[in-house]
Amino acid sequence: MIDIKLLREQPEFVRAAIANKKFKTDIDAVLELDATRRSKITDAEQARAAQKAANKEMAALPKGSPEFIAKVGEMKSIAASAKELEAEAKAADEAFQEAFLSIPNLPDPSVPIGKGEDENVVSSTWGDADAEFPNALPHFDIPWFESRVDFARGVKTAGAGFPFYVGEMSRLVRALINFFLEEARQNGYEEVLPPIVVNAESATATGQLPDKEGQMYVDEKEGLYLIPTAEVPVTNFYRDEIFDAEQLPVYRCAYTPCFRREAGSWGAHVRGLNRLHQFDKVELVKWTDNKSSMEELEKLRDNVEGTLQKLGLPYRVLRMCTGDIGFTHAKQYDLEVFAAGQKRWLEVSSCSNFTDFQARRAGIRYRGADGKPLTAHTLNGSGLAVPRVLAAILENNLQADGRVKVPDCLQYWMQQEFIGELKA
RNA sequence: GGAGAAGUGGCUGAGUGGCCGAAAGCGCUUCUUUGCUAAAGAAGUGAACCUCAAAAGGGUUCCGCGGGUUCGAAUCCCGCCUUCUCCGCCA
């Protein structure tokens with residue numbers, strides 16, 4: 001959530017800032033609910049203060065004395081009205097909180113203004129996407145692909161979008177995960193292995209609830225959600241905690257499977273590894289003070305770019321426009337690799353600064369110079385998502401002989417120069 | 001899964017209906033004295049929200065969480081969560 005003081009003091013600024021985001025919010029309604037809530041709280045507190053004062057007098061009277069008994073009668077009505085006012089204040093507060101939670105984070109001024117994905121700005125490109133990839137095929141058209149990424153048996157066992165990776169392909173996935181974690185470690189991120197289910201409090205703190213409720217798998221019996229990204233458990237590690245200023249910034253990384261229902265997004269362009277219900281990802285998470293988060297976002301993006309460069313995959317960096325950045329995001333870069341077989345750019349990482357938006361929901365703070373708690377900033381980025389990186393490797397590294405060359409940086413874990421089968 | 005016990009401030013821990021936002025100790029901060037480390041003494045020591053232009057000040061809430069009883073709840077009742085012990089089961 002945003003800073004309520006900013007909304008009260010500069011409603012026009014907030015209105016203008018979020019006007020370019022894709023989310024609809026009624027600022028005036030929120031302000032009105034805030035005013036109602038505050039006056040109700042004041043009324044209730046005054047009633048309660050009066051009751052407490054009267055109670056104090058009463059406690060001094062001898063129990064059972066006539067004055068005492070007379071006072072009890074009087075107190076009953078005072079207590080009843082205080083209770084009523086408190087209930088009203090609580091209802092007004094809840095109404096406000098619900099509306100307030102629907103206000104998205106404000107985009108940073110550096111974010112390009114635009115309505116949707118067509119207006120994202122390509123800020124840099126690495127490698128040569130126009131180079132000849134004479135042998136490239138869409139990965140799902142490689143003859144031996146289905147024998148190593150088995151969708152049919154995945155359907156039988158779980159459903160569409162839950163493939164089995166078999167044999168050398170399973171090892172290649174494992175090699176990628178290890179490579180990504182090792183890259184993160186060398187860049188100073190401490191590894192954690194988090195729970196892959198979270199409760200509703202955690203999902204709300206990072207902003208998945210209520211915004212993306214329909215996208216998560218839920219165990220209603222236990223009230224647990226399968227995580228859509230490691231961002232959720234990892235960021236919640238420090239929920240409701242206060243850092244010492246000198247601890248910041250904190251860098252963490254985590255490998256987890258990620259689960260997404262992808263309701264409504266099935267259709268064209270989702271063949272093969274392009275979009276799955278379960279996929280593996282290494283996530284990078286940072287907690288910073290309220291000054292350095294934009295700088296830390298650039299470092300985070302650089303870290304991820306370095307990993308892509310070692311894999312030798314052409315990629316481009318998109319500065320996401322106001323109309324395409326997420327609900328919780330102040331600034332976002334998407335990194336896309338070029339898959340030469342499909343001749344498509346595949347998103348493999350999203351690096352984002354949430355400023356204080358998640359941290360305020362999550363109660364993540366730090367003590368400033370005066371000892372007072374300040375809201376921290378949180379950031380995260382994929383480093384990286386496995387299936388689409390794998391897709392690009394399969395397509396771009398396909399050899400004339402029908403096999404795929406394994407990138408050199410994976411040799412330590414893979415110990416195999418090629419995967420697949422020679423052409424008949 | 002069954003039976004039992006317990007959850008109080010940064011920590012230990014007292015408190016069984018009003019005088020308790022909560023004793024005492026430890027820790028921490030500042031100050032004083034002595035002064036190499038230390039010791040002794042004094043004062044202070046949480047958060048959220050409301051009020052206030054701001055600061056100061058004032059107010060409300062918070063004793064695992066949520067309800068209830070009562071004029072009044074850390075204290076009584078109900079539900080839940082967590083931890084511990086024993087039994088069962090299991091990787």
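Each chain gets a letter, A, B and so on, in the order its sequence line appears, and its residues count up from 1.
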Check this for me, if you would: do [X] and [Y] make a salt bridge, where the nitrogen-to-carboxylate-oxygen distance has to be below 4.0 angstrom?
X	Y	value
A:Arg301	A:Glu298	yes
A:Asp302	A:Lys299	no
A:Lys115	A:Asp324	no

Of the listed nucleotides B:G72, B:G67, B:U69, the one nearest the side chain of A:Lys90: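 Of all the options, the side chain of A:Lys90 is nearest to B:G67.
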Among B:U51, B:C71, B:G67, the one nearest A:Thr42 by side-chain distance: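 Between B:U51, B:C71, B:G67, the one nearest the side chain of A:Thr42 would be B:U51.
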Euclidean distance for [atom1], [N] against [M] (whole angstrom):
N	M	atom1	value
B:G2	B:A14	C1'	34 Å
B:A22	B:G18	C1'	14 Å
B:C63	B:G9	P	10 Å
B:A56	B:A73	C1'	34 Å
B:A74	B:C20	P	12 Å
B:A54	B:C71	P	40 Å
B:G57	B:C65	C1'	34 Å
B:G35	B:A40	C1'	12 Å

Between [atom2] of [N] and [atom1] of [X], the distance in whole Å:
X	N	atom1	atom2	result
A:Gln51	B:U70	CD	P	13 Å
A:Met75	B:C71	CE	P	10 Å
A:Glu57	B:C19	CD	C1'	14 Å
A:Ile78	B:U70	CD1	C1'	15 Å
A:Glu94	B:C49	CD	C1'	15 Å
A:Lys5	B:A54	NZ	C1'	11 Å
A:Met1	B:A48	CE	P	13 Å
A:Glu201	B:G64	CD	C1'	14 Å

Aromatic ring centroids of A:Tyr366 and A:Phe243 under 6.0 Å?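 Ring-ring flag for A:Tyr366/A:Phe243: false, centres at least 6.0 Å apart.
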Less than 6.0 Å separating the ring centroids of A:Phe354 and A:His329?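 Between A:Phe354 and A:His329, the centre distance is under 6.0 Å.
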Describe the nucleic acid contact of A:Arg8 in one word from base, sugar-phosphate, nothing, applying a heavy-atom distance below 4.0 Å.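 The residue A:Arg8 makes sugar-phosphate contact but no base contact.
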Would you mind classifying the nucleic acid contact of A:Phe68 as base, sugar-phosphate or nothing, using non-hydrogen atoms under 4.0 angstrom?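 Base contact.
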As a check on the pairing definition, encode RNA chain B in dot-bracket form, counting Watson-Crick and G-U wobble pairs whose two distances are under 3.5 Å, and using | for partners outside this strand. ((((((((.[[[..)..(.....]]](((((((.....)))))))((((((.....)))))).[[[[[..)....]]]]])))))))....
In terms of the nearest nucleotide of RNA chain B, which residue is placed more toward the 5' end: A:Arg367 or A:Met58?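 Checking each residue's closest nucleotide, the 5'-ward one belongs to A:Arg367.
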Find which nucleotide of RNA chain B each of A:Lys71 and A:Ile242 is nearest to by heavy atoms, and output the residue with the more 5' nucleotide.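 Mapping each residue to its closest nucleotide by heavy atoms, the 5'-most match is A:Ile242.
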Report, one pair per line, the protein and nucleotides 59-62 of chain B atoms (nitrogen or oxygen only) whose separation is under 3.5 Å.
from: B:G59; atom 1: N2; to: A:Glu45; atom 2: OE1; distance (Å): 3.0
from: B:G59; atom 1: N2; to: A:Glu45; atom 2: OE2; distance (Å): 3.2
from: B:U61; atom 1: OP2; to: A:Lys52; atom 2: NZ; distance (Å): 2.9

Just how far is it from atom CZ of A:Phe357 to atom OG of A:Ser352, taken to the nearest 0.5 Å?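 If I round to the nearest 0.5 Å, the distance is 13.0 Å.
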Just to confirm, is there a sub-4.0 Å distance from OP1 or OP2 of B:A47 to any side-chain nitrogen or oxygen of A:Arg365?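 It does not, given that no N or O in the side chain of A:Arg365 lies less than 4.0 Å from OP1 or OP2 of B:A47.
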Considering just the side-chain nitrogens and oxygens of A:Arg38, establish if one lies under 4.0 Å of OP1 or OP2 belonging to B:C49.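 No, outside the criterion.
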Run the numbers on A:Tyr255 and A:Asn178 for side chain to side chain donor-acceptor pair (under 3.5 Å), then give the verdict. CA-CA 9 Å; A:Tyr255 153 70; A:Asn178 278 309; over 6 Å; no
A:Arg15 and A:Glu12: CA distance, side-chain angles, deciding distance, salt bridge (charged side-chain N to carboxylate O under 4.0 Å, His left out) verdict: CA-CA 5 Å; A:Arg15 199 192 308 274; A:Glu12 292 314 315; 3.1 Å; yes
Of all residues at least two apart in sequence or in a different chain, which pass the side chain to side chain contact (heavy atoms under 4.5 Å, CB included) check with A:Asn397?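 So A:Asn397 forms a side chain to side chain contact (heavy atoms under 4.5 Å, CB included) with A:Ile393, A:Val404, A:Lys405, A:Pro407.
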Quick check: does any side chain N or O of A:Ser349 sit under 3.5 Å from a backbone N or O of A:Ser382, one acting as donor and the other as acceptor?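 Yes: the side chain of A:Ser349 pairs with the backbone of A:Ser382.
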Can you sort out the partners of A:Tyr217 under ring pair (Phe, Tyr, Trp, His ring centres under 6.0 Å), two or more places apart, ordered by chain and number?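 For A:Tyr217 there are no ring pair (Phe, Tyr, Trp, His ring centres under 6.0 Å) partners, ignoring immediate neighbours.
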Excluding sequence neighbours, so at least two apart, what forms ring pair (Phe, Tyr, Trp, His ring centres under 6.0 Å) with A:Phe145?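 If we apply the ring pair (Phe, Tyr, Trp, His ring centres under 6.0 Å) test to A:Phe145, skipping adjacent residues, the hits are A:His139.
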Could you please spell out the steps behind the salt bridge (charged side-chain N to carboxylate O under 4.0 Å, His left out) verdict for A:Arg403 and A:Glu421? CA-CA 5 Å; A:Arg403 300 180 301 173; A:Glu421 294 163 23; over 6 Å; no
Got a list of protein N/O to nucleotides 79-81 of chain B N/O distances below 3.5 Å?
none

